[in-house]
Amino acid sequence: MEEVRVRFPPSPTGYLHIGGARTALFNWLFAKKHNGRLILRIEDTDEERSTQASIDGIIDGLQWLGIDWDEGPYFQTDFAADHVAAANRLLASGHAYKCFCTKEELEKKREAAMAEKRSEVGYDGTCRHLNAEQVRAKEAQGIPATIRFKVSNRPGTLFYDDEVLGRIERTYSEIEDFVIVRSNGKPLYLLCNVVDDIRDRISHVIRGQDHMTNTTRQVLLYEALGAKLPVFAHMPLTLDLQKRKISKRSHGEVVAVQFYRDMGFIPWALCNFLCLLGWNPGTDREFFSREELVETFSLSRISRVNSVFNFKPGDAKFFTDPKLIAINEHYLRTMDPAELGQLVRRELEAENLWDPAYATSRSDWYLATLDLIRDRFHTLKDFVTAGRAYFSDQYAIDAKPLAKNVLKQPELAVWLPQLAERYTVLAEFNALSTEQACRGLADALAVKPGVLINGMRTVLTGQLAGPSMFDIVATLGRERVVARLRRTADLFAAP
RNA sequence: GGCCCCAUCGUCUAGUGGCCUAGGACAUCGGCCUCUCACGCCGGUAACAGGGGUUCGAGUCCCCUUGGGGUCACCA
């Protein structure tokens, strides 16, 4: 195979959403798999809607996901001269013509056609047959003109072989003469995109099925420009539960890549989830490292069916697709502790809970603690919320465990400080010795150990649930445990 | 409406004519484990859109119907 060159060409008119991220991911995977190159090209020819904030957001999002590119970012507007030159070539070779119809006239015609449910809603070809004289006359009058591509009126069909869909055919007569240059002289997407792909020597165009009608027209452009066709691969779209195309406008934050970073997702977990949306390896395998996925990926296993992003607005537990949450949890529990340590470090830093010693003298303690508590967490955020008591003495006591495990048992205000005293005199302070001391006290008081254990869990961590109690005690250390247990009475004084 | 694409559990999907009594994952339900809650493990519920063909045999091939999606801009 010749050199593989693919591209991700977002238009900077909004934030990077998961559909776009998936397209970028598939291109990245394909490039890596074939030792090819991924080109990032910002298609900013829509001056009115393109923004710098969007460009920054897209780049940040890709970087966060770990999708790196080999060339670019190129900016489409920097190549305006290429696009204009191509349009002029098309004009000169008779593949395009000037059209003097106004936008308003065309809209009126189109609306009328739509209203009457006529099939021919496309351009009617008014200016297609203007002779040189007529064109000169119109120009002399100063009437602005767009440039339209002259679609061959030969009978039959045009086709291309899609890597995922197979042969796609369309009859020439169904394709209207489309505009390639605005009346203000600025070339349009259909043309720019092809000119850039030719210049960038793109070998494979991997994009959404929403581009399929563009592709048939662009095939015409490649032909007219005398360029070799790239291989096309149209990916299925991602829809919502109502089967509608997802967009930030109608779905809000959940479809923005940024959201997942803010919610504490592991970047690769999102990638892993996204790749499973519309692609599968043909085996039962669902978790892949980067290397494994690059190795396994292939265009031919991309699904032809649109997939649904299973998100139910208003569901607190499943604030995004449950499978994505499950995949994130899986990585949270199984990933290399040191790597997890880096991710959690950022969360701790953001909360001013990071102690530089965690990277040096207390590194063992830090990683062991993460390993102890990671099992019941869902996202990276949990380390600084539910897990806050492990890193700070300023932590909230949840109302539910407070009521259930502490307030119901007023004697704990005395018992827990008593336990603290027993802990002070322990020769060895570890999970075993603290458990023995605790059960010993329970015996002496003639209460079930659970009363003491659940009470101390609440006092020590503020949480209803958590790891095995005496592992927590050992992790927190004698000083913190004793201090916290001694203050138990304070909880009863609260308003 | 025209054209194009698509159609297996709630969701993501396996399935390329016999290995399908339709498999896996998530979700859900039940059980085990247990100081809590998880994790983990075990088990259950749950799908071939409908109708015609072709064939000894169809989830798999063909046709029709239905349904869904995309697109029809001087946006990208």
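These figures come from a predicted structure and were not determined experimentally. By convention in this document, chain letters (A, B, ...) are assigned in the order of the sequence lines, proteins followed by strands, and residues within each chain are numbered from 1. Quick note: numbers below take in every heavy atom, side chains included, and nothing from hydrogens, waters or symmetry partners.
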Given atom [atom1] of [X] and atom [atom2] of [N], what is their separation to the nearest angstrom?
{"X": "A:Leu191", "N": "B:A76", "atom1": "CG", "atom2": "P", "answer": "11 Å"}
{"X": "A:Ile327", "N": "B:C26", "atom1": "CD1", "atom2": "C1'", "answer": "8 Å"}
{"X": "A:Trp279", "N": "B:A25", "atom1": "CH2", "atom2": "C1'", "answer": "14 Å"}
{"X": "A:Glu286", "N": "B:A27", "atom1": "CD", "atom2": "P", "answer": "11 Å"}
{"X": "A:Ile472", "N": "B:U34", "atom1": "CD1", "atom2": "C1'", "answer": "14 Å"}
{"X": "A:Asp284", "N": "B:C12", "atom1": "CG", "atom2": "C1'", "answer": "13 Å"}
{"X": "A:Asn306", "N": "B:U71", "atom1": "CG", "atom2": "C1'", "answer": "13 Å"}
{"X": "A:Leu220", "N": "B:C4", "atom1": "CG", "atom2": "C1'", "answer": "15 Å"}

For the base of [N], is there a side-chain donor-acceptor partner from [X] under 3.5 Å away?
{"X": "A:Thr213", "N": "B:C72", "value": "no"}
{"X": "A:Arg49", "N": "B:C75", "value": "yes"}
{"X": "A:Asn193", "N": "B:A76", "value": "no"}
{"X": "A:Arg170", "N": "B:C3", "value": "no"}
{"X": "A:Arg374", "N": "B:C39", "value": "no"}

What distance, rounded to whole Å, do you find between the two [atom1] atoms, one in [N] and one in [M]?
{"N": "B:U65", "M": "B:A27", "atom1": "C1'", "result": "33 Å"}
{"N": "B:U60", "M": "B:G51", "atom1": "P", "result": "12 Å"}
{"N": "B:U28", "M": "B:A7", "atom1": "P", "result": "29 Å"}
{"N": "B:G52", "M": "B:C20", "atom1": "C1'", "result": "23 Å"}
{"N": "B:C72", "M": "B:C26", "atom1": "P", "result": "40 Å"}
{"N": "B:C6", "M": "B:C62", "atom1": "P", "result": "11 Å"}
{"N": "B:A38", "M": "B:U13", "atom1": "C1'", "result": "28 Å"}

- Between A:Phe297 and A:Phe288, is the ring centre distance below 6.0 Å?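 For A:Phe297 and A:Phe288, the ring centres are not under 6.0 Å apart.
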- Assert yes or no for the condition that the ring centre distance of A:Phe287 to A:Tyr331 is strictly below 6.0 Å. yes
Can you tell me if the side-chain N/O atoms of [X] get under 4.0 Å from OP1 or OP2 in [N]?
{"X": "A:Lys245", "N": "B:U71", "value": "yes"}
{"X": "A:Arg217", "N": "B:U71", "value": "no"}
{"X": "A:Asn280", "N": "B:A14", "value": "yes"}
{"X": "A:Lys400", "N": "B:C37", "value": "no"}
{"X": "A:Thr13", "N": "B:A76", "value": "no"}

- Message: For A:Thr213, is there any backbone N or O sitting under 3.5 Å from a side-chain donor or acceptor partner on A:Thr216?
- Response: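 Yes, because the side chain of A:Thr216 sits within donor-acceptor range (under 3.5 Å) of the backbone of A:Thr213.
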- Main-chain N/O of A:Asp177 paired with A:Arg148 side-chain donor or acceptor, under 3.5 Å: yes
- Item | A:Thr171-A:Glu174 side chain donor-acceptor pair, cut-off 3.5 Å | yes
For the side chain of [X], starting at C-beta, report the closest nucleotide among [options].
{"X": "A:Leu277", "options": "B:A14, B:U36, B:C12", "value": "B:C12"}
{"X": "A:Leu464", "options": "B:U13, B:U36, B:G68", "value": "B:U36"}
{"X": "A:Thr45", "options": "B:A76, B:G69, B:C74", "value": "B:A76"}
{"X": "A:Leu276", "options": "B:G69, B:C12, B:A76", "value": "B:C12"}
{"X": "A:Ile168", "options": "B:G69, B:C4, B:C74", "value": "B:C4"}
{"X": "A:Lys103", "options": "B:C74, B:G69, B:C12", "value": "B:C74"}
{"X": "A:Pro322", "options": "B:C74, B:G10, B:C26", "value": "B:C26"}
{"X": "A:Leu237", "options": "B:C5, B:A76, B:G70", "value": "B:G70"}
{"X": "A:Val305", "options": "B:G10, B:U8, B:G70", "value": "B:U8"}
{"X": "A:Asp375", "options": "B:A27, B:C39, B:C12", "value": "B:C39"}

- Item | Intermediate values then yes/no, side-chain contact (heavy atoms from CB on, under 4.5 Å), A:Arg167 and A:Asp162 | CA-CA 6 Å; A:Arg167 177 158 296 193; A:Asp162 191 288; over 6 Å; no
- Mark yes when over 12 heavy atoms from residues, nucleotides or ligands other than A:Lys381 sit less than 6.0 Å from its NZ; otherwise mark no. yes
Paired nucleotide for [N] [Watson-Crick or G-U wobble; both distances under 3.5 Å]:
{"N": "B:C74", "answer": "none"}
{"N": "B:G67", "answer": "B:C6"}
{"N": "B:G40", "answer": "B:C32"}
{"N": "B:C56", "answer": "B:G18"}
{"N": "B:A25", "answer": "B:U11"}

- Message: Show every ring-ring contact (aromatic ring centres under 6.0 Å, His included) that has at least one partner inside residues 6-25 of chain A, sequence neighbours left out.
- Response: none
- Hey, mind stepping through A:Arg182 and A:Thr146 against side chain to side chain donor-acceptor pair (under 3.5 Å) and telling me if it holds? CA-CA 5 Å; A:Arg182 292 182 177 91; A:Thr146 61; over 6 Å; no
Assign [X] to base, sugar-phosphate, or nothing according to its heavy-atom contacts below 4.0 angstrom with the strands shown.
{"X": "A:Gly208", "answer": "nothing"}
{"X": "A:Asn214", "answer": "base"}
{"X": "A:Pro401", "answer": "nothing"}

- Message: For A:Asp321 and A:Asp210, find the nucleotide of RNA chain B closest to each by heavy atoms; which residue's nucleotide sits nearer the 5' end?
- Response: A:Asp321
- Item | Along RNA chain B (nearest heavy atom to each residue), the more 5'-positioned of A:Phe470 and A:Asn310 |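 The residue closer to the strand's 5' end, by nearest nucleotide, is A:Asn310.
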- Message: Using a 4.0 Å cut-off on heavy atoms, which residues in residues 437-455 of chain A reach RNA chain B? List them by number, or say none.
- Response: A:Ile453, A:Asn454
- Step-by-step side-chain contact (heavy atoms from CB on, under 4.5 Å) determination, A:His251 to A:Lys245: CA-CA 10 Å; A:His251 300 86; A:Lys245 219 168 129 181; over 6 Å; no
- Message: Can you tell me how the ring of A:Phe232 sits relative to the ring of A:His234, calling it parallel under 30°, perpendicular over 60° and tilted otherwise?
- Response: parallel
- Message: Classify the ring geometry of A:Phe178 against A:Phe149: parallel below 30°, tilted from 30° to 60°, perpendicular beyond 60°.
- Response: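 Rings of A:Phe178 and A:Phe149: parallel, as their planes differ by under 30°.
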